[in-house]
Amino acid sequence: MTDKIKLGISTCLLGQPVRYDGGHKWDRFLTDTLGNYVDFVPVCPEVECGLGIPREAMHLVGDPAEPRLVTIRSGVDHTERMLNWARRRVVELEKEDLCGFIFKSKSPSSGMERVKVYGPAGSAANTGVGLFARAFMDHFPLLPVEEEGRLHDPKLRENFIEAIFTLKRWREMLHLQQGRGALVDFHTCHKLLLRAHSLEHLRQMGKLVAQAPSLAVSELYARYQNLLLEALARKTTTRKNTDVLYHLMGHFKKDLSADEKQELREIIDQYHRGLVPLIVPVTLINHYVRKYDEPYLKGQWYLHPHPIELQLRNHV
Ligand code: SF4
């Protein structure tokens, strides 16, 4: 890829002292590891909408579907200020070509889910969404989004990062060339990756690509992009990966010896049973791809969807 992935992020996660108390919530994985592949576009809704540092802490109150953003001690309502700013900011962010957003969890402005919303009696329900996060997700409904806390879960982390790398490749293709042939090439080398997310979407995308000659290029791309983003939002699972691994194995029917087939079957089964991480069968398959010179599989992004240094497939 020619340049880094652009990702929106809650500013305090970068270690910038923008929190209400002048503190931050620096996440080292994001800056020191993911940051090697990503250009972050920081957004701090509370500072950018004009509230200073330090400022009075706020929380959400009222109806969880349409909560108010109110300061905790003095009860000042900043809802309109925040919503007016957020409406403008999401339009500005269209120019950034973001491949996703990482939100700070639990924040009444930036939290993506399960933010506390206080009722009149002072009791709280964990059912809210931060006001800026809501505006962002409404404006970019299919863009990959996550919270820093959820990214500590290895499976969610792998899914999110795979989605942003795939979206980056899609965007890059859009910038370089737009034609039916380019889309067919993109689809061909993402087939197994898509299958690991959603077989149903892979089938729909296959049908769409088959109709390509009869569709206007703009319509073809728009429909394909929607299906791509929907597919990436479906999480991979051990079962889906196992299906892809057996599918991959089928490509070597004529190449592998009985002993090699047995070994690969055993390793896929060990992965399926949670005894070894995904990287183990994938490494063995990559070895066979090289050994038996399988051109179709060499091009499959499923076998190398993100840099190995991120170690995203090393967990069981
Ligand atoms: S959680 Fe959001 S609003 Fe609060 S400091 Fe971080 S970026 Fe700013």
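Computed over heavy atoms, backbone and side chain alike; hydrogens, waters and symmetry mates excluded. Each ligand, and each atom within it, is numbered from 1 in the order the structure gives.
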Problem - Ring centers of Phe101, Phe140 separated by less than 6.0 Å - result: no
Practice task
Determine, for Glu148 against Lys25, whether the closest basic-nitrogen to carboxylate-oxygen distance falls under 4.0 angstrom.
Solution key: no
Exercise for the section: Decide if the gap between the ring center of Tyr224 and the ring center of His187 is smaller than 6.0 angstrom. Expected result: yes
Handout entry: Cation-aromatic face contact Arg28/Trp26, 6.0 Å, 45 degrees
Key = yes
Exercise for the section: Determine whether His201 and Leu194 make a side-chain contact, defined as any pair of heavy atoms from C-beta on separated by less than 4.5 Å. Expected result: no
Practice task
Spell out the protein N/O/S atoms under 2.8 Å from atom 2 (Fe) of ligand 1 as residue plus atom name.
Solution key: Ser110 OG
Practice task
Mark the output for Arg55 as yes if a heavy-atom distance to ligand 1 is under 4.0 Å, and as no if none is.
Solution key: yes
Exercise for the section: Flag the pair Trp301 / Phe186 as yes when their ring centroid distance falls below 6.0 Å, and as no otherwise. Expected result: no
